[in-house]
Amino acid sequence: MAQYLLRRFATITLAMWLIVTITFAIMHAIPGGPFASEKKVPDAVKRNLEARYHLNDPLYKQYVDYLKNLLRGDLGPSFKYEYRTVNSIIKESFPVSAILGSLAIAFSLLVGLLAGIISALRQNRWQDYTAMILATLSFSVPSFILSGLLMYVFAYKLQWLPPAMWGTWQQAILPTLALSALPTAFIARLTRSSMLEVLQQDYLKTARAKGLSERAIVVRHALRNAILPVVTYVGPLIATVLTGSFVVESIFAIPGLGRWFVLSVTNRDYTVILGTTVFYSAFLMAMNFLVDLAYVAIDPRIKLVDRRDV
Amino acid sequence: MLARKNILFGLLVALLMVALLSGCGAKSQEGAKSAAKEQVIRYNVGAEPKTLDPAKATGLPEGTIMMQLFEGLTRYDAKQEIKPGIAESWEISKDGLTYTFKLRDAKWSNGDPVTAKDFVYSWLRALDPKTASEYAYQLFYIKGAEEYNSGKGKKEDVALKALDDKTLQVTLKAPAPQFLGLTAFQTLYPVHQKTVEGNPNWFADPAKYVSNGPFKMVSWDHNQKIVVEKNPNYWDAGNVKLSKLEIYLIDSIDTAYNMFKTGQLDFQDDVPVQELAALKGSKELKIVPDASVYFYRFNVTRKPFNDVRVRKALAMAIDRKTLVEQVTQAGQKPAFAFVPFGFKDADGKDFRENAGDFFKEDVEQARKLLAEAGYPDGKGFPKVTIMYNTNENHQKIAQAIQQMWKKNLNIEVGLQNVEWQVKLDRETKLDYDIARAGWSPDYMDPMSFIDMFVTGGGNNQTGWSNPEYDKLVRQANSSGDQKVRMEAMHKAEKLLMDEMPVMPIYFYTNPNLIKENIKGVIIPPFGTYADFKWAYVE
């Protein structure tokens, strides 16, 4: 187990280094730069700007400097929002995205699992059809359309909820719904199909024959097996949803992390591009690792061992 | 058993409904109504400011926010006349080179007096190469300024002197009548030396923000809103009626539109194009002039645009009126010249109106020109492409022009949308055929448009060069006599339109949504979005 963890840690470190290096290379290869603008500035001004942000250093030096700072946990200053550092941007905006993301994940799990279980148990009846039609719908509507629609109906037409911004619980409702539509649908369908598969298994017949209550059969025996694919999906999902969505955050004017992934690229804000990428990757890999640990907890047949340990 | 499943499903539906409806009671109308009685305006500036340091800011949102917080030597009034600001009066020497400003008794928001030394400090700070100010060049009119900024000259040699606490003397390197107007803008605002020194991020902390304008900083909630309130230490505080101004930082225009419509904003400075038709006739829609031009660049180093007849034919073969009425829909004016309306000529009248149009739309003539250039009925015209930055409106305009050229000249052009920075890069490298562009002035003088197209100018980007044009620009820039300057610029513009390296399409307008009870807001034609000094709620 210890060796497994060690190997795992080594792979993650290597992957992180590759991600930083490739992002660094691509970022400098695309046209433009943080100080490009429609109005051309005199050369002297451009030189002063580049000197201030060390953009006039040779690329390899910029790269080594970045790695050094990264090891110290310093992601550098933003070039565009000069009063902010990448660390402060993540520190301020990640909690917002994380709260919103947690709400969305809780909603998706609750509704998605319930809908999936019911559909499986009531296969080919109206409950199943209704749930699956809803799932297909929310699966195929892009989030910018759904966000716009939710805002139009509940904020603009009915005026039940505030259209945008962040701070009160009312403001969290519409973005949570917009954000959870797709994962809810996915979880519902995933749960349904794996439940259907599990329900055919012999051991469930045994359980029934034993005279166990339907509730115990579904919860303790069927669901526990059926939930593994959902866990696999939820790991990376948590990483994606908790780090924010550009579309939902811009439409609902939420000061989260999601917008920075896209804005930093448009702005060519080099340090922010790298910083958010590093943060997201580390988070994603940590989640995948947690998923592996969760398997062990859920399914006693799975053990985390190094191949050489076997 | 069955019943229980149904209950479970019912619960699920109920849960969904609760989640959807739980906000019913949360109407915010009440708050809006009571706020209307107070002197508070909720305004959306459309973006998180990149900085609120006057020396460093370049964008319109930044300029707009700081216009409420600061005041320069001068300030524009509702008629766009330059009026005394922190300077109570000024004298300009006969040769147009020396400006002597007399300062009034003005105070910073912390009570300290605003002195001539503050201006000297602030302007030298903006020019300091270490400050790395992008807009440092706005000060390059001052003798010695460019040398200091580029590291070739000394700080002491910048011709900027505080003769005493209340007198500021500036010497320019060449006459530049536009300099006076520049003293009303952000780069030339004074900053509070004690606040700024030793803390490069002084402006990021609202509690420590010291300014000298109608309002002072209260709070700054990133990507949400900035709140400013009336500054009791402002010299003209008696004329400031607003007690508070909430500046929202919402970047999605559709979201801001919804917030305006649901009463959460009083003033939103842009309108989604798809809403314009429905808003026609609404008293809340105010369309004001914008001194900017929308145009296409031709790459004159490439065939077939190396032939002036082709450039002219293309410019004459589109229908600008249809374009602004059907596509852009915000009352834009078709452009048959390059300098927009709104600039004063030597006689005090409008520069554009005095000069009139330089060409006409004429399909017959356009066809003839194209045939003379070797493409009768569009035959043999090479496949060329219009490049524009990714944006729905630019795309619609390009599609309309593509169709007009097809119909009128029988030529095929391709369309290509590229990301903003890719467009900038390709324009600079002359790696395009036709490129969409827009230009707004840096200062209120036609020179801000005319000097773009001097040979090798950084903003030329067409490959076009004309010694006669360069000479006219030099002539205008070396004289302090408005008559001589304007005359030279009129000639230059005519030459530019005869040669047509750029094809003007329309002059911009600025559509705003303002609640009817909001009065006294000044919406300038360029530089910033709005000035709330004289604004009030009725």
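It should be emphasised that the depicted structure is a prediction, and the values quoted were computed from it without experimental measurement. In the text below, chain A, chain B and the rest are named by the order of the sequence lines, each starting its count at 1.
In plain terms, the two heavy atoms of A:Val41 and B:Tyr137 that are nearest each other are CG1-CE2, 3.8 Å. Of all the heavy atoms in A:Gly32 and B:Gln421, the pair that sits closest is CA-OE1, 3.0 Å. A pairwise comparison of heavy atoms in B:Thr255 and A:Ser250 identifies OG1-O, 4.1 Å as the closest pair. When all heavy atoms of B:Pro49 and A:Tyr83 are compared, the pair lying nearest together is O-OH, 3.2 Å.
Under the 3.5 Å distance criterion, the side-chain polar atoms of A:Gln159 are left unmatched by any main-chain donor or acceptor of B:Thr262. Of the possible donor and acceptor atoms, one in the side chain of B:Asn459 sits under 3.5 Å from a partner among the backbone N and O of A:Lys40. Judged by distance alone, the side chain of A:Glu82 and the main-chain N or O of B:Asn201 form no donor-acceptor pair under 3.5 Å.
With a 4.5 angstrom heavy-atom cutoff, B:Thr58 does not touch chain A via any of its atoms. In this structure, the portion of B:Asp251 lying under 4.5 Å from any heavy atom of chain A is its side chain and not its backbone. B:Lys130 touches chain A through its backbone: at least one of N, CA, C or O sits under 4.5 Å from a heavy atom, while the side chain does not.
For the set B:Glu427, B:Lys152, B:Gln461, the count of heavy-atom pairs under 4.5 angstrom toward chain A peaks at B:Gln461.
Between B:Glu48 and A:Arg84, at least one side-chain nitrogen of the basic residue sits less than 4.0 Å from a carboxylate oxygen of the acidic one, meeting the salt-bridge criterion. Salt-bridge formation is detected for the pair B:Glu419/A:Arg268: a Lys NZ or Arg NE/NH1/NH2 atom is positioned less than 4.0 Å from an Asp or Glu carboxylate oxygen.
Using the six-membered ring where Trp is involved, A:Tyr156 and B:Tyr257 have ring planes that are parallel, under 30° apart on the 30 and 60° scheme.
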